[in-house]
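Just so you know, residue 1 is the first one in the sequence shown, and it goes up from there. Atoms considered below: every heavy atom in the structure, side chains included; atoms not considered: hydrogens, waters and symmetry mates. Keep in mind that this is a model prediction, so the values were computed, not measured.
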Amino acid sequence: MQHDLIAQARTWLAEDPDPETRAELAALVEAGDTQELAARFAGTLQFGTAGLRGELGAGPMRMNRSVVIRAAAGLAAYLKARGEEGGLVVIGYDARYKSADFARDTAAVMTGAGLRAAVLPRPLPTPVLAYAIRHLGAVAGVEVTASHNPPRDNGYKVYLGDGSQIVPPADGEIAAAIAAVGPPADVVRPEDGWQTLGEEVLEAYLARTDAVLAVGSPRTARTVYTAMHGVGTSVLTAAFARAGFPEPVLVAEQAEPDPAFPTVAFPNPEEPGAMDLAFATARRAAPDLIIANDPDADRCAVAVPDTATEGGWRMLRGDEVGALLAAHLVERGASGVFAESIVSSSLLGRIAEKAGLGYEETLTGFKWIARVDGLRYGYEEALGYCVDPEGVRDKDGITAALLVAELASVLKEQGRTLLDLLDDLALAHGLHATDQLSVRVEDLSVIADAMARLREQPPTALAGLAVTSAEDLSQGTDRLPPTDGLRYHLEGARVIVRPSGTEPKLKCYLEVVVPVADAAGLPAARARGAELLAGIKRDLAAAAGI
């Protein structure tokens with residue numbers, strides 16, 4: 001076993017084009033660290049519907065130049081097999097460790113394979129890449145990013161020519177093509193021959209951002225903004241300036257790209273503590289709202305002043321922002337279909353129904369939401385919003401921020417706030433309260449065991465509410481393809497349990513709907529909603545054994 005591991009590592013070393021990972025692996029071999037080597041060579045990083053994502057390091061179970069070169073070669077082979085020889089592949093990248101190297105390697109591989117490659121001019125938000133694919137008539141796009149994962153991670157996200165992320169069967173076909181690629185040294189990688197795009201592609205994206213706002217709408221909301229050490233600052237501030245909003249006050253400590261993400265444990269606005277510096281800045285600047293992007297700026301978080309919250313600021317849940325943007329678009333006379341993933345709040349469906357608009361529910365992920373026919377607006381509870389599907393068929397934290405700022409400005413002129421509009425929605429449709437039970441694990445078998453336990457012994461009641469129906473989503477439904485998940489409908493509540501597609505987490509999405517007769521009943525309804533959510537969370541954790 002030890003001899004085999006050392007032999008595998010030496011073979012990898014001989015083919016690794018990166019001096020950093022060669023040195024790292026050589027040190028492990030020299031030290032005879034079989035435990036670490038076993039982890040690195042336990043298989044290969046799997047290419048799935050999220051593309052690739054993993055920890056940086058040497059070996060086939062890590063993100064590194066060898067893995068990326070083989071992934072790019074597999075993608076190139078897949079595109080050529082589909083008759084796309086000579087087609088354009090656009091490549092974007094964020095500011096994480098190795099992102100620029102992975103983007104350059106991808107461009108070289110595409111060029112060597114007889115495709116044309118164009119690389120964005122610098123680290124830019126993921127939605128700029130999603131926009132550029134359709135804008136430039138590309139046959140595919142690659143974004144090098146690990147989104148809001150920890151600093152040690154990176155990833156590789158693939159889009160096809162329609163500008164949306166890959167879904168089955170394309171992911172499996174690309175994975176098979178990658179598996180057929182030989183040693184990285186055999187992959188043709190010229191030193192040049194690809195195009196580095198100029199700022200005009202970003203200018204075209206920024207010109208498009210204006211389209212999400214209503215002509216002549218108020219632009220008075222004042223914001224505090226954090227890029228969470230990512231790539232959002234320059235693009236968001238440019239978009240706000242073009243639109244005529246007051247210049248956002250930046251959270252200075254997090255404004256510039258930094259792959260170490262020094263001020264946060266996890267660079268995700270949803271994680272505890274990640275917004276602390278933004279709240280501190282807001283207490284000094286007294287803006288109307290806080291806007292945060294994640295590091296690749298495809299997600300948008302919103303916080304609002306709230307005297308009832310400790311510290312005076314409250315983060316809105318993704319479902320709350322999703323409903324607010326929907327209500328704003330309805331008020332503006334939007335037509336088309338509103339869509340969301342199954343883990344998001346059912347409130348969107350009620351808003352769409354009352355407005356006489358189409359409504360669709362999809363599997364988790366914008367790769368599904370973006371494919372809905374006639375899509376006008378789509379969102380997912382994990383802070384993702386697609387407000388301009390004709391421009392960007394993916395979540396876009398820049399245009400979402402513009403639309404939130406417009407809504408806040410409209411309400412400000414009326415002497416109202418985003419919280420007032422949330423109250424209106426509760427009175428019109430019932431109080432929809434959502435929460436999440438999310439368990440991060442070191443050992444993935446914990447997740448598999450929890451899912452198996454729930455399948456074998458499904459709960460009959462949660463928080464005293466009877467389970468009226470239970471669905472195993474791995475069987476698929478009449479409207480959804482199969483996915484690893486469970487859905488429970490209760491009397492006045494809904495629960496979905498699924499393994500995360502991008503992180504070692506088990507995620508449980510909870511929603512309760514509490515009827516509200518009038519404004520005086522809102523505090524009691526909120527208290528009842530919180531009580532039920534806490535009870536469901538407690539009982540579900542016990543049922544799953546987590």
Could you give me the CA-CA distance, side-chain angles and deciding distance for Arg104 and Tyr93, then say whether side-chain hydrogen bond (donor to acceptor under 3.5 Å, both in side chains) is met?
CA-CA 10 Å; Arg104 179 186 169 85; Tyr93 58 103; over 6 Å; no
Determine, stepwise, if the pair Phe266 / Val264 fulfils side chain to side chain contact (heavy atoms under 4.5 Å, CB included).
CA-CA 5 Å; Phe266 285 92; Val264 290; over 6 Å; no
For a side chain to side chain contact (heavy atoms under 4.5 Å, CB included) check, start with the C-alpha distance between Val67 and Asn64, then their side-chain angles and the critical distance, and finish with the verdict.
CA-CA 5 Å; Val67 164; Asn64 51 64; 3.4 Å; yes
Assess whether side chain to side chain contact (heavy atoms under 4.5 Å, CB included) is satisfied between Tyr379 and Leu325, documenting all intermediate values.
CA-CA 9 Å; Tyr379 98 90; Leu325 291 179; over 6 Å; no
Pair Ile91-Leu129, side chain to side chain contact (heavy atoms under 4.5 Å, CB included): steps then yes or no:
CA-CA 7 Å; Ile91 301 145; Leu129 180 275; 5.8 Å; no
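Taking 4.5 Å as the limit, every side-chain heavy atom of Thr483 sits out of range of all side-chain heavy atoms of Thr364.
Salt bridge status for Arg371 with Asp162: present, with a side-chain N to carboxylate O gap under 4.0 Å. Taking a cutoff of 4.0 Å between a charged side-chain nitrogen and a carboxylate oxygen, Arg65 and Asp101 do not qualify as a salt bridge. The pair Lys157-Glu143 does not meet the salt-bridge criterion, since no charged nitrogen lies less than 4.0 angstrom from a carboxylate oxygen. Contact check on Glu36 versus Arg40 returns a salt bridge, with a Lys/Arg side-chain nitrogen under 4.0 Å from an Asp/Glu carboxylate oxygen. Salt-bridge check for Asp484 with Arg455: passed, with a basic side-chain N closer than 4.0 Å to an acidic carboxylate O. A salt bridge does not link Glu511 with Lys537: every distance from a Lys NZ or Arg NE/NH1/NH2 to an Asp or Glu carboxylate oxygen is 4.0 Å or more. Arg440 and Glu271 are joined by a salt bridge, as a carboxylate oxygen and a charged side-chain nitrogen come within less than 4.0 angstrom of each other. Lys98 has a carboxylate O that lies under 4.0 Å from a charged side-chain N of Asp18, or vice versa, which qualifies the two as a salt bridge. A salt bridge is absent between Arg96 and Asp296; no separation between the charged side-chain nitrogens and carboxylate oxygens falls under 4.0 Å. Between Arg122 and Glu199 there is a salt bridge, since a side-chain N of the basic residue sits under 4.0 Å from a carboxylate O of the acidic one.
Among Arg494, Arg487, Arg479, the one residue that satisfies the salt bridge (Lys or Arg N to Asp or Glu O under 4.0 Å) test with Glu361 is Arg487.
Between Tyr205 and Asp396, the side chains place a donor N or O and an acceptor N or O closer than 3.5 Å (distance only, hydrogens not considered). In this model, a donor atom of one side chain and an acceptor atom of the other lie less than 3.5 Å apart for Asp94 and Ser99. Counted by atom type alone, Asp435 and Tyr509 present zero donor-acceptor pairs between their side chains at under 3.5 Å.
Pro17 approaches Arg189 most closely through the heavy-atom pair CB-NH2, 3.8 Å.
Ring centers of Tyr359 and Phe338: at least 6.0 Å apart, outside the cut-off.
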